[in-house]
Amino acid sequence: HDGELRLKTDRKLSAGYILKRNIKYIKPEIVNLIFSMILMVVSVVLGLLLPNIIKEIVNGLQAEGVINYYKILNYAIVYFLIGLISQATRFIQTMILQHAGQRIVYDMRTEVFTHIENMSQNQFNEMPVGSLVTRVASYTANMSDLFTNTIVNVLRNLITVVGVYVFMYFISVELSLIMLIFVVIIFVTSLIFSRIAKRLFRQERAYLSDLNTFLNENLSGMKLIQIFNQEEIFYLSSVTIGELESIKTSANKDEETKYNARKLLHLLEDHPEKYRVMLFLNSYLEQISDFDLPISNDTKIIATAYHLN
């Protein structure tokens, strides 16, 4: 499935174009995103101070040779307060990002669903419903995860690494240079892994789309399939066929009703041996009038069934 376009209307888009399209969703939340980034920096910096407090406690104990419980208590209180503030800023940052991410996903799903509603009926015949469900629900959820987790974690880890190296440089230049070798190795390994993961992620999206398509087209139509698995041949009025044809393109019917009509017509086309069509004749109109019934599709179907018996 790698590199394969799943639907006829699919087209490959560059990363720059996708980023440009997403900017319009990010703009309304830019203030919240900037504020959350500031909180993230504060949280990382406070987190980097905690090991230094432990270092001061250990160094003080070694230098004095006598345990100073009052000094340890003061350091412990400072450690607790810094840790509390760090976790509080991280909690506030997470809540802001989650709310912003959900609003972005809401706007995306609303726009995508509106676009789907404006599509022509012929496109629904070519596009599996399961694929559309995957793109509306799963793909937009991944965008939310991008804004609330992925980007934030990348920036947090980057700032943490830089901060650790700043502290390490002042402690020991030699040690920081030795550790830099491992950072380069980890960076190269991550780059290779990201390319492999990108390909596997595309395959996973394709498999998920196929799975949703299979479930939607098979399980949701189970009742209709069970009808066609009956041994006895059943009869349909030509009026019923005509009504289904009009429903599937009607502007007055909801999408679910039109989809069910298209699905039933496809089943009729695929299993012509399971049914027989009874033609409605003009002579049946007189019999409907004899019973003082209105001329409608329902009475025409009843008249056809009456002549079958």
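Atom set for the values below is all heavy atoms of this structure, side chains included, hydrogens, waters and symmetry mates excluded. Since the model is a prediction, treat every value here as computed from it, not as a measurement.
- Atoms CD and CD, from Q102 and E29 in turn, are 11.0 Å apart once rounded to the nearest 0.5 Å.
- Remark: side-chain polar atoms of S43 are not paired, donor with acceptor, to backbone N or O of L39 under 3.5 angstrom.
- A continuous path of ILVMFWY side-chain contacts below 4.5 Å connects M40 to L50, so both sit in one hydrophobic cluster.
- Put simply, the side chain of S176 never gets that close to the backbone of Y165: no donor and acceptor are under 3.5 Å apart.
- Side chains of H99 and N32 form no contact here, defined as non-hydrogen atoms less than 4.5 Å apart.
- Closest approach of I82 and L46 over heavy atoms only: CG2-O, 3.5 Å.
- Under a hydrophobic clustering in which Ile, Leu, Val, Met, Phe, Trp and Tyr are joined whenever their side-chain heavy atoms come within less than 4.5 Å, directly or via other members, V154 and I159 fall into different clusters.
- The minimum heavy-atom distance linking N52 with L48 is given by the pair ND2-O, 2.9 Å.
- Of all non-hydrogen atoms in L191 and S194, the two that sit nearest each other are O-OG, 2.6 Å.
- L175 and V183 fall within a single hydrophobic cluster, where Ile, Leu, Val, Met, Phe, Trp and Tyr are joined by side-chain heavy atoms under 4.5 Å apart, directly or via other members.
- The distance from atom OG1 of T160 to atom CG of L155, rounded to the nearest 0.5 Å, is 10.5 Å.
- Using a 4.5 Å cut-off on side-chain heavy atoms (C-beta onward), F91 and M95 make contact.
- Atoms CG and CE, from L177 and M168 in turn, are 10.5 Å apart once rounded to the nearest 0.5 Å.
- In the hydrophobic clustering of this structure, L97 groups with I26; members are Ile, Leu, Val, Met, Phe, Trp, Tyr whose side-chain heavy atoms approach within less than 4.5 Å, directly or through other members.
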Point to revise | Evaluation steps, side chain to side chain contact (heavy atoms under 4.5 Å, CB included), between I247 and R262 | key: CA-CA 8 Å; I247 288 176; R262 291 196 301 271; over 6 Å; no
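- Here the CZ atom belonging to R90 is positioned 16.0 Å from the CD1 atom belonging to I85, to the nearest 0.5 angstrom.
- The shortest heavy-atom contact between L49 and F167 is CD2-CZ, 4.3 Å.
- With values rounded to the nearest 0.5 angstrom, I77 atom CD1 is found 11.5 Å from I53 atom CD1.
- The pair E111-K24 meets the salt-bridge criterion, with a side-chain N (NZ, NE, NH1 or NH2) lying under 4.0 Å from an Asp/Glu carboxylate O.
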Check your understanding: When you look at M179 and V164, which way does the side chain to side chain contact (heavy atoms under 4.5 Å, CB included) test go after all the steps?
Key -> CA-CA 11 Å; M179 293 302 298; V164 168; over 6 Å; no
Point to revise | Derivation of the side chain to side chain contact (heavy atoms under 4.5 Å, CB included) call for I196 and I192 | key: CA-CA 7 Å; I196 299 175; I192 297 174; 4.3 Å; yes
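- Under the 4.5 Å side-chain criterion, counting only non-hydrogen atoms from C-beta, L268 is in contact with I241.
- For Y25, the OH atom sits in a packed shell: over 12 heavy atoms of surrounding residues, nucleotides or ligands are nearer than 6.0 Å.
- A single hydrophobic cluster is not seen to contain both V112 and Y106; linkage of ILVMFWY side chains at heavy-atom distances under 4.5 Å, directly or through other members, places them apart.
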Point to revise | E243 vs K300, side chain to side chain contact (heavy atoms under 4.5 Å, CB included): CA-CA, chis, key distance, verdict | key: CA-CA 11 Å; E243 192 169 5; K300 290 179 181 179; over 6 Å; no
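- Residues S36 and I96 approach most closely at CB-CG2, 4.3 Å, considering heavy atoms.
- Once rounded to the nearest 0.5 Å, the distance linking OG1 of T89 with CD1 of I38 reads 12.0 Å.
- Heavy-atom minimum distance, F182 versus I178: CD1-O, 3.5 Å.
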